[in-house]
Amino acid sequence: MPQPKVKLVVTGDDFGYCERRNQGIVDCFKTGGISNVSLLVNAVSAEHAAELAKRNHIPIGLHANLSEGLPVSQDLKGSTLLNKDGFFHGKMGFREVLQCGQLKMSEVEAELRAQVNRFCELVGHVPYHMDGHQHVHVLPEVREVFAQVLSDFGITYTRVPIEPGLKFCTFLPPHLRDFNEQVEKDALESIEVFHRYGIRWPDIYLGLSTMGKNMSVPNLKRAFGFTLEASLDDGVTSSLIQSSDAATDSYRPVTAELMVHPGYPSQPHQGGCGEGPDDFSQSADRLHELNTLRDPFVLNYYRQQRIHLCAFKDF
């Protein structure tokens, strides 16, 4: 077999959110649409997800959650991480409280450690990788605590959400372009921190421009085009590369991660992280992603372009 051009991790996020999302993710894995999952341990169907991962031998990491639902730690009553009802502040609420200087990083650390320990209880081993739900792991201050926790548990890989070509994606609505721009800014500023703790990540990240209805065969091919063209000494890519493989091998494939959110849509009042399922999980976009990822045209494209699906543990 020819050498792969790209070693691609396709990660199904939000594993554990509800049983329907879980089953959709497993079905996507079985048909070759994804190669890896990221588990929400505070989600209501986390145990169900962990059992499915064991039964189907699905590579699994931790989707650390500081923004949605209930905490895992039992020691956070009255915490700055929680609102008056005892839930996390939400995707934008978390960012607002952080920006106001009202979050205690000791409480962030306690919750992250509790989630890693809960993952180990559910799965039976430390996560192969760890990223952040709604990209909280690259936010100022949080990134330092996050990196320390990964280092302490010996978790080698994370996600750095900087997508090549994202600035050219004018089809995205303005509010989403603004959010993605801030995510990329935070991610760029996280690189030095993650370097310092010896944490690694793939050469290329994809997924901000291909979520939901924006996932299509042409759009995936557009995104993969940046990966296939990537060289190990080119622009932003060179600042992201961690591996020392290139120093010892004459040839090394580009490594990449595609973040996806497939599944069968959640039913009302079923699922979530303690507050019920959100609109994102109930959306038909989840099924659209599932069907696109397992589309024979996509799977054939991988073969034609020598894109080899794998997991973080295969790097």
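Start at 1 with the first residue, then count along the sequence. Hydrogens, waters and symmetry mates play no part in the numbers below; they use all other heavy atoms, side chains included.
The 12-atom threshold is exceeded at NZ of Lys54, counting heavy atoms of other residues, nucleotides or ligands nearer than 6.0 Å. By the neighbour-count criterion of 12 heavy atoms within 6.0 Å, atom CG of Asp279 is sparsely surrounded, having that number or fewer from other residues, nucleotides or ligands. When the shell of 6.0 Å around CD of Glu189 is examined, it contains more than 12 heavy atoms from other residues, nucleotides or ligands. The neighbour count for Glu181 CD, taken as heavy atoms of other residues, nucleotides or ligands under 6.0 Å away, does not exceed 12. For His125, the NE2 atom sits in a packed shell: over 12 heavy atoms of surrounding residues, nucleotides or ligands are nearer than 6.0 Å. Atom CD of Gln99 has 12 or fewer neighbouring heavy atoms from other residues, nucleotides or ligands inside a 6.0 Å radius.
At distances below 3.5 Å, not a single donor-acceptor pair connects side-chain atoms of His129 with backbone N or O atoms of Thr156. Under a 3.5 Å cut-off, the side chain of His137 and the backbone N or O of Arg159 do form a donor-acceptor pair. A distance-only check finds a donor-acceptor pair linking the side chain of Gln74 to the backbone of Val72 [under 3.5 Å]. The backbone N or O of Thr31 lies less than 3.5 Å from no partner atom in the side chain of Arg294, so there is not a single donor-acceptor pair. With hydrogens and angles ignored, the 3.5 Å screen pairs no side-chain donor or acceptor of Glu257 with any backbone N or O of Tyr205.
Aromatic rings of Phe280 and His261 (six-membered ring for Trp) have centroids within the 6.0 Å cut-off, being under it. The distance between the ring centers of Phe312 and Tyr157 falls below 6.0 angstrom. Separation of the Phe94 and His89 ring centroids does not fall under the 6.0 Å cut-off.
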Checking side-chain hydrogen bond (donor to acceptor under 3.5 Å, both in side chains) for the pair Tyr264/Asp27: CA distance, chi angles, key distance, verdict?
CA-CA 10 Å; Tyr264 302 117; Asp27 289 350; 2.6 Å; yes
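Distance check, rounded to the nearest 0.5 Å: CZ of Phe168 to CZ of Arg222 gives 10.5 Å.
Because its NZ or CZ atom is both nearer than 6.0 Å to the ring centre of Phe179 and within 45° of the ring axis, Lys91 counts as a cation-pi partner of that residue. Taking the ring centre of Tyr17 as origin, the terminal cationic atom of Arg21 falls inside the region bounded by 6.0 Å and 45° from the ring axis.
Between Phe146 and Phe194, the angle of the ring planes lies from 30° to 60°, which puts this pair in the tilted group.
A side-chain N or O of Asp14 and one of His63 form a donor-acceptor pair less than 3.5 Å apart. One side chain, Ser67 or Gln134, offers a donor N or O that lies under 3.5 Å from an acceptor on the other. Between Ser38 and Asp131, the side chains place a donor N or O and an acceptor N or O closer than 3.5 Å (distance only, hydrogens not considered). Defined by atom type and a distance below 3.5 Å, a donor-acceptor pair is missing between the side-chain atoms of Ser266 and Gln282. Side chains of Arg143 and Ser190: a donor on one and an acceptor on the other come within 3.5 Å. Arg177 and Asn180 share no side-chain donor-acceptor pair at under 3.5 Å. Neither side chain, Ser45 nor Glu19, offers a donor N or O lying under 3.5 Å from an acceptor on the other.
In plain terms, the two heavy atoms of Met130 and Thr158 that are nearest each other are O-OG1, 2.7 Å.
With salt bridges taken as basic N to acidic carboxylate O contacts below 4.0 Å, one links Glu47 and Arg118.
Val217 places none of its side-chain heavy atoms less than 4.5 Å from the side chain of Tyr301.
Follow the hydrophobic side-chain contacts under 4.5 Å out from Leu228 and you reach Leu8 in the same cluster.
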